[in-house]
Amino acid sequence: MDKQLQNRYEALKAKVKDRAGDFAALMEFLETQTAWLTAPASTRFHLSRENGLLEHSVNVAETLLRIKDTLYPLIDDESCVIVAFLHDAGKAGTPEGAQYLKNQPTDRQRQAGFGPTYPYSFNKDLTYLSVPIRSLYLALPYIYLSQEEAQAIAYHDGQYVEDNRSAAKNECPLTLLLQYADNWCCFVVEAE
């Protein structure tokens with residue numbers, strides 16, 4: 001990981017104060033037992049490269065903090081950092097394996113001098129859980145989350161995802177801000 005990303009990541013982690021011990025234990029688990037530090041953010045879209053998930057999580061946290069300062073400063077920085085880091089943590093996989101695996105070119109692609117069609121694919125050996133559900137599964141043994149934080153993580157993809165339609169028009173401010181920060185990062189900050 002490059003030094004600038006490391007510094008941004010550490011500065012954000014330092015904003016978690018009230019739950020610092022639990023958060024540190026969670027981050028230690030993610031950093032040492034999952035692919036959190038090396039996983040891509042997606043199989044073929046935004047930040048589909050090593051460290052992409054971490055870069056995306058840092059981007060979302062920084063963007064969320066800026067947005068909430070303007071639109072809804074009542075939300076504390078700690079909640080913003082926690083939900084931004086955890087919204088896609090499920091993409092890191094579990095101690096049993098990474099969620100995303102590097103693809104290898106087919107024999108035909110290799111013979112023609114091409115790489116694989118997509119850089120990564122889903123690890124079919126992991127039990128299927130949606131990314132938000134896996135994120136909550138990984139986090140809850142380590143850290144208390146408020147209902148608003150859990151909602152923000154669970155529904156961060158917004159009402160346009162079929163599984164999330166039940167939450168439409170019932171989102172708390174943190175959920176709405178996380179949805180926007182995530183989309184802003186995916187489609188503006190990380191557009192390649």
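To the nearest 0.5 Å, atom CD of residue Gln151 and atom SG of residue Cys172 are 4.0 Å apart. How far CD1 of Ile82 is from OG of Ser146: 8.5 Å, rounded to the nearest 0.5 Å. Distance check: Ile143 CD1 to Met27 CE gives 9.5 Å after rounding to the nearest 0.5 Å. Expressed to the nearest 0.5 Å, how far CG of Asp18 lies from CG of Asp76 amounts to 7.0 Å. Summarising the geometry, atom CG belonging to Asn59 is positioned 13.0 Å from atom CH2 belonging to Trp184; distances are rounded to the nearest 0.5 Å.
The salt bridge (Lys or Arg N to Asp or Glu O under 4.0 Å) pairs that include a residue from residues 22-38 are Lys13-Glu31, where partners are two or more places apart or lie in different chains. Listed by first and then second residue, the salt bridge (Lys or Arg N to Asp or Glu O under 4.0 Å) pairs that reach into residues 132-146 come to none, sequence neighbours excluded.
No side-chain heavy atom of Glu171 sits less than 4.5 Å from a side-chain heavy atom of His156. Residues Tyr72 and Leu174 have side chains not in contact (no heavy-atom distance under 4.5 Å, counting atoms from C-beta outward). Under the 4.5 Å side-chain criterion, counting only non-hydrogen atoms from C-beta, Leu136 is in contact with Leu145. Put simply, the side chain of Arg49 does not reach to within 4.5 Å of the side chain of Pro40, judged on heavy atoms. In this structure the side chain of Gln111 never reaches within 4.5 angstrom of the side chain of Pro105, judged on heavy atoms. Side-chain contact check for His87 versus Pro132: every heavy-atom pair is 4.5 Å or farther apart. A 4.5 Å side-chain heavy-atom check between Phe29 and Pro141 finds every atom pair outside the cut-off. Contact check for Thr175 versus Val83: no side-chain heavy atoms found under the 4.5 Å cut-off.
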One pair to check against side chain to side chain donor-acceptor pair (under 3.5 Å): Gln109 and Thr117. What are the steps and the verdict? CA-CA 9 Å; Gln109 289 170 326; Thr117 306; 2.8 Å; yes

Start with the C-alpha distance between Asp157 and Gln179, add both sets of side-chain angles, then the distance that settles side chain to side chain donor-acceptor pair (under 3.5 Å), and finish with yes or no. CA-CA 6 Å; Asp157 286 323; Gln179 288 170 359; over 6 Å; no

Step by step, work out the side chain to side chain donor-acceptor pair (under 3.5 Å) result for Ser79 and Glu149. CA-CA 7 Å; Ser79 282; Glu149 290 166 341; 2.5 Å; yes

If you apply the rule side chain to side chain contact (heavy atoms under 4.5 Å, CB included), what do you find for Lys15 with Leu65, and how did you get there? CA-CA 11 Å; Lys15 290 184 178 291; Leu65 288 166; 3.9 Å; yes

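Hydrophobic clustering of Ile, Leu, Val, Met, Phe, Trp and Tyr side chains at less than 4.5 Å, counting indirect connections, unites Met1 with Val189. Each of Leu47 and Val131 belongs to its own hydrophobic cluster when Ile, Leu, Val, Met, Phe, Trp and Tyr are linked at side-chain heavy-atom distances under 4.5 angstrom. Following chains of ILVMFWY side-chain contacts shorter than 4.5 Å, one cannot reach Leu176 starting from Leu74, and the two form parts of different hydrophobic clusters. Under a hydrophobic-cluster definition in which Ile, Leu, Val, Met, Phe, Trp and Tyr are linked whenever side-chain heavy atoms come within less than 4.5 Å, directly or via other members, Val81 and Leu26 are assigned to the same cluster. No chain of hydrophobic side-chain contacts below 4.5 Å, direct or via other Ile, Leu, Val, Met, Phe, Trp or Tyr residues, connects Leu178 to Tyr155.
In this structure, the side chain to side chain contact (heavy atoms under 4.5 Å, CB included) partners of Gln4, at least two apart in sequence or on a different chain, are Asp2, Arg8. Legend: residues meeting side chain to side chain contact (heavy atoms under 4.5 Å, CB included) with Ser42, ordered by chain and number and at least two apart, are Phe45, His46, Ser48. In this structure, the side chain to side chain contact (heavy atoms under 4.5 Å, CB included) partners of Asn103, at least two apart in sequence or on a different chain, are Pro116, Tyr118, Ser121. Here Arg110 pairs with Asp107 under the salt bridge (charged side-chain N to carboxylate O under 4.0 Å, His left out) rule; sequence neighbours left out. In terms of the salt bridge (charged side-chain N to carboxylate O under 4.0 Å, His left out) criterion, residue partners of Glu78 (sequence neighbours excluded) are, by chain and number, Arg19. In this view, Lys102 satisfies the salt bridge (charged side-chain N to carboxylate O under 4.0 Å, His left out) rule with no residue, not counting sequence neighbours. Taking Asn123 as the reference, Leu101, Asp125, Leu126 meet the side chain to side chain contact (heavy atoms under 4.5 Å, CB included) condition, with sequence neighbours excluded. Every residue was checked against the ring pair (Phe, Tyr, Trp, His ring centres under 6.0 Å) condition with Tyr144, not counting sequence neighbours, and none meets it. Legend: residues meeting salt bridge (charged side-chain N to carboxylate O under 4.0 Å, His left out) with Asp88, ordered by chain and number and at least two apart, are Lys91.
A salt bridge links Lys68 with Asp77: at least one charged nitrogen is closer than 4.0 Å to a carboxylate oxygen.
Counting side-chain heavy-atom gaps under 4.5 Å among Ile, Leu, Val, Met, Phe, Trp and Tyr, the cluster of Tyr100 also holds Tyr120, Phe122.
Nearest heavy atoms, Phe85 versus Trp36: O-CH2, 3.1 Å. In terms of heavy atoms, Leu5 sits closest to Glu55 at CD1-CA, 3.8 Å. For Cys185 against Thr63, the heavy-atom pair with the smallest separation is SG-OG1, 3.3 Å. When all heavy atoms are compared, the tightest approach of Ala61 to Leu12 is CB-CD1, 3.7 Å. Nearest heavy-atom pair across Leu30 and Ala89 is CD1-CB, 4.4 Å.
Using a distance-only test at 3.5 Å, with no hydrogens or angles considered, a donor-acceptor pair links the side chain of Ser135 to the main chain of Leu86.
Environment of CD in Gln147: sparse, with no more than 12 heavy atoms of neighbouring residues, nucleotides or ligands closer than 6.0 Å.
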